[in-house]
Amino acid sequence: MTIIVTGGAGFIGSNFVFHMLNKYPDYRIICLDSLTYAGNLSTLAPVMDNPCFRFVKASITDREAVFKLFEEEKPDMVVNFAAESHVDRSIENPGIFLETNIMGTQIMMDACRKYGITRYHQVSTDEVYGDLPLDRPDLFFTEETPIHTSSPYSASKASADLLVLAYYRTYGLPVTISRCSNNYGPYHFPEKLIPLMIANALNDKPLPVYGTGENVRDWLYVEDHCKAIDLIIHKGRTGEVYNIGGHNEMANIDIVKIICKELNKPESLITYVTDRKGHDMRYAIDPAKIHNELGWLPETRFADGIKKTIKWYLENREWWETIISGEYQNYYEKMYGNR
Ligand code: NAD
Ligand code: TDX
């Protein structure tokens with residue numbers, strides 16, 4: 001079995017590469033990643049010498065490079081993680097989100113059509129469903145919830161989902177889609193809420209909470225997401241969408257307070273800043289379908305997962321300090337300087 005994993009030098013993709021190499025020692029895993037600001041080759045250092053692993057630096061928007069790779073490797077499956085993934089960046093600069101997330105998806109699927117494939121899996125997000133109100137805790141996103149996007153990021157992910165389903169219906173491409181809630185864990189890029197708050201708290205810097213901090217996200221430990229995708233690509237039904245989430249809703253402000261407590265830092269570091277434009281209020285996944293059909297259940301409780309994550313950031317300071325000492329400083333100044 002040969003699997004192309006796009007975006008495997010990023011947060012979830014790298015965790016997926018490790019999971020697959022570990023669980024299936026006879027599989028060949030090819031990571032296709034263009035190493036944008038969010039991709040980090042040092043993350044993949046532990047597997048670079050593994051004979052079952054190959055890293056290829058190329059963009060999923062580069063049709064020639066993608067087709068050449070398919071020609072060489074004749075993959076059985078593709079799992080497409082590669083994307084521009086940060087909502088705030090999509091508000092500043094939507095264009096690259098459309099190119100990577102939509103056009104890149106098209107090119108990957110065109111290659112799958114040409115060379116034949118047993119499965120194309122699209123890693124999507126719960127953000128395609130828009131948001132839920134805070135005063136209706138009885139409401140959850142199911143796979144039937146209408147697409148209703150808020151940000152250029154979520155609109156680009158929803159567009160890609162529609163294209164994937166169109167390739168299934170029109171060309172019979174054997175596709176599956178997963179829509180997961182917010183992930184957290186090792187190798188999470190420090191522009192995202194949890195790693196940003198951990199890094200800032202460790203440096204005694206202000207902790208910038210958008211708006212009132214009441215927005216709710218449904219957090220899932222990254223390994224549980226990887227295990228769900230593993231199940232879907234092996235046992236999921238083609239043409240189907242599977243929601244992934246662990247019923248773990250938390251308000252942003254509560255997450256930040258937990259991080260302060262775990263790191264023994266004062267809550268006085270918390271600073272309320274101007275809200276995100278179009279900020280989604282609440283995400284909450286109903287994971288009944290993946291549970292009933294594939295037997296998936298999350299294994300890591302948030303109380304344990306956040307401790308493991310903080311420990312990882314304490315033990316791997318070099319990984320994130322290298323990132324925040326580089327070009328990231330310009331990004332931080334631009335996004336937070338006058339907020
Ligand atoms: P990330 O930003 O950490 O990593 C993205 C990776 O894709 C990077 O390695 C980057 O170099 C690579 N990449 C970007 N553009 C590329 C291109 N044109 N060609 C090849 N590689 C390219 O993202 P993440 O948080 O790991 O998210 C991975 C996927 O999961 C995305 O599709 C995202 O929409 C989805 N998702 C993320 C979350 C979350 O909480 N992080 C939740 C649900 C779904
Ligand atoms: O500095 C911050 N302060 C703050 O209050 C940052 C970076 C975020 N926030 C808030 C905004 C959100 O309500 O925290 C919440 C989480 O923000 P992000 O970490 O940016 O994640 P989110 O916007 O929820 O999107 C994430 O989950 C769905 C991923 O980045 C997406 O790729 C995924 O699809």
Side-chain angles (χ1 to χ4, degrees), residues 5-17 31-41 43-44 56-62 65-66 79-91 96-97 99-101 103-105 107-108 122-128 131 150-151 153-154 156-157 160-161 178-185 187-197 200 206-220 222 225-226 229 243-245 250-253 255-256 270-276 278-283 285 332 335-336 339:
V5 177
T6 72
F11 165 43
I12 310 174
S14 61
N15 278 281
F16 184 74
V17 166
C31 170
L32 171 64
D33 198 301
S34 61
L35 298 179
T36 67
Y37 79 92
N40 203 328
L41 209 47
T43 301
L44 293 170
V56 177
K57 182 178 185 305
S59 172
I60 59 167
T61 60
D62 182 342
V66 168
V79 182
N80 186 29
F81 289 93
E84 288 294 332
S85 71
H86 192 34
V87 173
D88 291 327
R89 288 185 191 252
S90 83
I91 295 166
I96 182 76
F97 283 73
E99 277 166 38
T100 300
N101 300 0
M103 300 308 289
T105 296
I107 288 169
M108 291 307 298
Q122 178 74 1
V123 181
S124 184
T125 168
D126 60 356
E127 298 200 15
V128 302
D131 63 352
S150 311
S151 69
Y153 164 69
S154 56
S156 70
K157 293 295 288 185
D161 284 11
S178 53
R179 295 182 178 147
C180 191
S181 58
N182 286 59
N183 285 216
Y184 69 102
Y187 301 108
H188 203 179
F189 195 85
E191 67 189 348
K192 307 284 171 61
L193 178 76
I194 289 183
L196 184 144
M197 295 299 169
N200 280 17
L207 307 177
V209 171
Y210 298 166
T212 60
E214 289 168 306
N215 304 65
V216 167
R217 297 293 181 265
D218 184 358
W219 294 94
L220 184 72
V222 62
H225 186 187
C226 295
I229 294 173
N243 284 355
I244 308 172
M250 310 259 305
N252 294 338
I253 186 65
I255 299 259
V256 178
I270 295 173
T271 318
Y272 292 92
V273 301
T274 310
D275 209 353
R276 174 184 279 174
H279 198 174
D280 281 337
M281 213 44 182
R282 170 178 168 246
Y283 302 146
I285 282 276
Y332 198 88
M335 300 303 270
Y336 296 92
R339 198 156 183 154

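All values below come from the heavy atoms of this structure, side chains included, with hydrogens, waters and symmetry mates left out. Position 1 is the first residue of the sequence, and the numbers go up from there. Every number for a ligand or one of its atoms is a count from 1 in the order of the listing.
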Enquirer: With a 4.0 Å cut-off on heavy atoms, is Phe81 touching ligand 1?
Expert: yes

Enquirer: Ignoring hydrogens, just give me the one of Ser59, Ala9, Gly8, Ala160 whose non-hydrogen atom is nearest atom 18 (N) of ligand 1.
Expert: Ser59

Enquirer: Which of the numbered atoms in ligand 1 are below 4.0 angstrom from a heavy atom of Ala82?
Expert: 7 (O), 20 (C), 21 (N), 22 (C)

Enquirer: Yes or no: does Tyr184 have any heavy atom under 4.0 Å from an atom of ligand 1?
Expert: no

Enquirer: Check for me whether Arg276 meets the cation-pi criterion with Tyr210, that is, NZ or CZ under 6.0 Å from the six-membered ring centre and within 45 degrees of the ring axis.
Expert: no

Enquirer: Please classify the Asp126 to ligand 1 contact at 4.0 Å (heavy-atom distances, strictly less than): side chain, backbone, both or neither.
Expert: neither

Enquirer: Please write down residue, atom name and distance for the protein heavy atom closest to atom 33 (C) of ligand 2.
Expert: Tyr153 OH, 3.5 Å

Enquirer: For ligand 2, find out whether one of its N or O atoms is nearer than 3.5 Å to an N or O atom of Pro208.
Expert: yes

Enquirer: Can you find an N/O atom of Asp126 closer than 3.5 Å to an N/O atom of ligand 2?
Expert: no

Enquirer: As a check for students: among Val79, Ile229, Asp33, Val66, identify the option with a heavy atom nearest to atom 12 (C) of ligand 1.
Expert: Asp33

Enquirer: What is the nearest protein non-hydrogen atom to atom 32 (O) of ligand 2, stated with its residue, atom name and distance?
Expert: Ser85 O, 2.8 Å

Enquirer: For the pair Asn101 (side chain) and Ala83 (backbone), establish whether a donor and an acceptor sit closer than 3.5 Å, ignoring hydrogens and angles.
Expert: no

Enquirer: Atom 1 (O) of ligand 2: which protein heavy atom is closest, and how many Å away?
Expert: Tyr336 OH, 2.7 Å

Enquirer: In terms of residue, atom name and distance, what is the protein heavy atom nearest to atom 13 (O) of ligand 2?
Expert: His279 NE2, 2.7 Å

Enquirer: Looking at Arg179 and Asp161, is any side-chain nitrogen of the basic one under 4.0 Å from a carboxylate oxygen of the acidic one?
Expert: yes

Enquirer: Heavy-atom contacts with Ser124 under 4.0 Å: which atoms of ligand 1 show up? List them by number with element.
Expert: 43 (C), 44 (C)

Enquirer: What atoms in ligand 1 come closer than 4.0 Å to a heavy atom of Ala58?
Expert: 19 (N), 20 (C)

Enquirer: Just to confirm my output: which protein heavy-atom neighbour is closest to atom 22 (P) of ligand 2, and how far is it?
Expert: Glu127 OE2, 3.5 Å

Enquirer: Pick, from Ser34, Ala65, Gly39, Gly10, the option with the minimum heavy-atom distance to atom 16 (C) of ligand 1.
Expert: Ser34

Enquirer: At a 4.0 Å threshold, what atoms of ligand 1 neighbour a non-hydrogen atom of Leu35?
Expert: 11 (O)

Enquirer: Strictly by modelled atom types, are Asn183 and His188 linked by a side-chain donor-acceptor pair under 3.5 Å?
Expert: no

Enquirer: Between Asn182 and ligand 1, is there a nitrogen or oxygen pair with a distance under 3.5 Å?
Expert: no

Enquirer: At a 4.0 Å threshold, what atoms of ligand 1 neighbour a non-hydrogen atom of Ser181?
Expert: 42 (C), 43 (C)

Enquirer: Does the structure place the NZ or CZ of Arg217 under 6.0 Å from the centre of the six-membered ring of Tyr184, at an angle of no more than 45° from the ring's axis?
Expert: no

Enquirer: Quick one: which of Thr125, Thr6, Ile12 has a heavy atom closest to atom 38 (C) of ligand 1?
Expert: Ile12

Enquirer: Could you tell me, atom by atom, which parts of ligand 1 come under 4.0 Å of a heavy atom of Gly7?
Expert: 6 (C), 7 (O), 9 (O), 12 (C)

Enquirer: Nearest non-hydrogen contact with atom 43 (C) of ligand 1 belongs to which option: Gly185, Cys180, Ser154, Cys31?
Expert: Cys180

Enquirer: Roughly how far, to the nearest 0.5 Å, is the CE atom of Met197 from the CD1 atom of Ile255?
Expert: 10.0 Å

Enquirer: For the backbone of Thr274 and the side chain of Arg339, can you confirm whether one donor and one acceptor N or O come within less than 3.5 Å of each other?
Expert: yes

Enquirer: Regarding ligand 1, does Thr36 bring an N or O atom to under 3.5 Å of one of the ligand's N or O atoms?
Expert: yes

Enquirer: Kindly say whether Tyr153 contributes a backbone atom to a donor-acceptor pair with the side chain of Ser90 at under 3.5 angstrom?
Expert: yes

Enquirer: Does ligand 2 come near enough to Glu191 that some N or O of the ligand is less than 3.5 Å from an N or O of the residue?
Expert: no

Enquirer: Should you measure from each heavy atom of Tyr153, which atoms of ligand 1 turn up under 4.0 Å away?
Expert: 33 (C), 34 (O)

Enquirer: Considering only heavy atoms of Lys157, which atoms of ligand 1 have at least one such atom less than 4.0 Å away?
Expert: 31 (C), 32 (O), 33 (C), 34 (O)

Enquirer: If I apply the N/O under 3.5 Å rule, does Leu193 come out as touching ligand 2?
Expert: yes

Enquirer: Could you check atom 5 (O) of ligand 2 against the protein and tell me its nearest heavy-atom contact, residue, atom and distance included?
Expert: Tyr210 N, 2.8 Å

Enquirer: Please confirm whether Asp88 comes within less than 3.5 Å of ligand 2 when only nitrogen or oxygen atoms on both sides are compared.
Expert: no

Enquirer: I want to know if ligand 2 touches Asn182 in the polar sense, i.e. an N/O pair below 3.5 angstrom.
Expert: yes

Enquirer: Between ligand 1 and Ile60, is the shortest N or O to N or O distance under 3.5 Å?
Expert: yes

Enquirer: Look only at interatomic distance and state if Asn252 has a nitrogen or oxygen under 3.5 Å from any nitrogen or oxygen of ligand 2.
Expert: yes

Enquirer: Can you confirm, on distance only, whether ligand 1 has an N/O atom lying under 3.5 Å from any N/O atom belonging to Asn183?
Expert: yes

Enquirer: Please check whether Arg276 reaches ligand 2 - meaning an N/O of the residue sits under 3.5 Å from an N/O of the ligand, judged on distance alone.
Expert: yes

